[in-house]
Amino acid sequence: MRALALLTVLVGTLATAPAQGATRHCAEVPATVHYERAADADLACAGAAMAVRFFAGLGFRTDTPITIHIVDAPTTEIAEGYNAPVHGRYDARTTQIYAAPFANAPAPGRPRRAFRLPFDDDMQRGFVVHEVAHAIVERNFEGDDKPYRVAHEYIAYAAQIATLPPALRARLLDLYGAKGFPDEDAIAPLAYALDPNLFGVRAYLHFSAPENGVRFLRHLLSDRFAPNPWY
């Protein structure tokens with residue numbers, strides 16, 4: 001069932017409750033941020049605006065109200081009884097986004113990294129783009145059911161990497177040295193499960209090919225796309 005394919009997008013728990021601080025209504029987009037530090041709200045609103053501009057430029061509807069909670073430690077359930085820490089999480093059941101503190105966030109143990117790079121403000125905004133993309137995917141799905149999880153993640157990662165500053169994006173792509181997916185069958189659940197970040201890099205490169213782009217995003221958002229479970 002497709003609902004099971006979306007399990008890790010839809011299901012998650014929080015190590016702590018959303019911060020009971022201030023509320024910011026973003027100026028540029030229909031997004032609300034619940035936060036404790038103003039710098040976190042600034043980055044969250046900036047990331048939400050970047051996502052909306054990206055998808056609006058491709059002709060997608062971007063009028064979905066967005067709510068972002070800045071929480072100490074968002075996690076997602078990847079196996080029964082085991083929750084993995086994540087930078088952000090979108091809960092499709094409630095249309096809420098949960099994200100870790102951004103600006104000057106203390107890093108327990110090793111410093112935070114993503115895509116093998118330091119977790120700076122640009123990377124932080126990118127993860128907001130990623131989570132807002134999930135909300136926009138839900139708004140634009142053209143089928144009778146729900147998008148497959150790999151469709152969700154392909155689109156979210158493509159948007160995330162596409163909206164990074166060019167120098168940071170080039171550095172990230174150089175570190176991975178990967179190629180885009182060779183065909184649609186390769187956009188498979190196993191590829192995502194083995195290495196989500198590599199999946200994201202390959203998704204962006206596949207999306208960037210002239211023959212794909214927005215045409216392929218619309219294909220992913222239709223009933224015509226179904227991932228190959230045997231790939």
Side-chain angles (χ1 to χ4, degrees), residues 9 12 14 18-19 21-58 60-76 85-92 94-105 107 111-115 117-140 152-173 196-197 200-201 203-204 207 217:
V9 174
L14 293 176
T23 299
R24 169 86 59 86
H25 299 289
C26 301
E28 296 183 52
V29 291
T32 300
V33 183
H34 300 285
Y35 66 99
E36 288 189 332
R37 295 181 300 176
D40 289 333
D42 292 342
L43 287 168
C45 284
M50 291 172 68
V52 166
R53 286 194 296 269
F54 175 79
F55 285 101
L58 297 178
F60 290 103
R61 295 197 63 173
T62 57
D63 54 349
T64 302
I66 300 160
T67 302
I68 302 172
H69 301 274
I70 308 299
V71 300
D72 287 340
T75 65
T76 188
V86 293
H87 299 298
R89 179 175 67 84
Y90 171 70
D91 188 334
T94 63
T95 68
Q96 307 288 295
I97 290 170
Y98 300 91
F102 298 149
N104 302 315
R112 290 173 70 191
R113 296 179 69 84
F115 292 103
L117 292 168
F119 205 89
D120 61 9
D121 286 0
D122 291 323
M123 194 69 78
Q124 292 158 352
R125 279 187 291 268
F127 274 94
V128 175
V129 172
H130 183 111
E131 301 307 327
V132 172
H134 284 306
I136 293 174
V137 164
E138 292 285 320
R139 182 71 178 87
N140 286 272
H152 254 282
E153 296 298 342
Y154 177 111
I155 296 171
Y157 275 114
Q160 177 179 1
I161 296 175
T163 55
L164 290 175
L168 177 58
R169 181 171 59 247
R171 185 181 174 197
L172 184 159
L173 296 176
N197 285 345
V201 170
Y204 166 75
F207 163 76
L217 296 191

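- Contact detail for Ala44 and Val33: the closest heavy-atom pair is CB-CG2, 3.8 Å.
- Taking CG of Leu168 as the start and CD1 of Ile161 as the end, the distance is 10.0 Å to the nearest 0.5 Å.
- Between Ile136 and Ala51, the shortest heavy-atom contact is CD1-O, 4.2 Å.
- Shortest non-hydrogen contact noted between Arg24 and Cys45 is CG-SG, 3.8 Å.
- With hydrogens and angles ignored, the 3.5 Å screen pairs a side-chain donor or acceptor of Gln96 with a backbone N or O of Thr94.
- For the atom pair CZ of Arg37 and CD1 of Ile70, the computed distance is 9.5 Å after rounding to the nearest 0.5 Å.
- In this model, no donor atom of one side chain and acceptor atom of the other lie less than 3.5 Å apart for His69 and His34.
- Thr23 has its side chain within reach of Thr32: a pair of non-hydrogen atoms, C-beta onward, lies under 4.5 Å apart.
- Between the side chain of Arg169 and the backbone N or O of Leu164 there is at least one donor-acceptor pair closer than 3.5 Å.
- Nearest heavy atom pair, residue Pro30 against residue Thr62, reads CG-O, 4.3 Å.
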Inset, instruction - Go through the steps for Leu217 and Tyr154 under the test side chain to side chain contact (heavy atoms under 4.5 Å, CB included), then give the verdict. - result: CA-CA 9 Å; Leu217 296 191; Tyr154 177 111; 3.7 Å; yes

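- Under the 6.0 Å distance and 45° angle rule, Arg139 does not count as a cation-pi partner of Phe60.
- To the nearest 0.5 Å, atoms SG (Cys26) and CD1 (Ile68) are separated by 6.0 Å.
- We find the CG-OG1 distance between Asp91 and Thr67 to be 12.0 Å, quoted to the nearest 0.5 Å.
- We find the CD1-OH distance between Ile66 and Tyr90 to be 9.0 Å, quoted to the nearest 0.5 Å.
- Within the 4.5 Å cutoff, side-chain heavy atoms of Val201 are placed close to those of Phe115.
- Side-chain contact between Arg171 and Leu117 is present, with heavy atoms from C-beta onward closer than 4.5 Å.
- If you take NE2 on His134 and NE2 on His130, they are separated by 3.5 Å, rounding to the nearest 0.5 Å.
- Between the side chain of Thr95 and the backbone N or O of Ala92 there is no donor-acceptor pair closer than 3.5 Å.
- With ring centers used as reference points, Phe207 lies 6.0 Å or more from Tyr157.
- For the pair Arg113/Pro118, a side-chain contact is recorded, criterion being any heavy-atom separation below 4.5 Å from C-beta on.
- Nearest approach of Ala114 to Met123, heavy atoms of both residues: O-CE, 3.6 Å.
- Between Ala156 and Ala133 the shortest heavy-atom distance is CA-CB, 3.7 Å.
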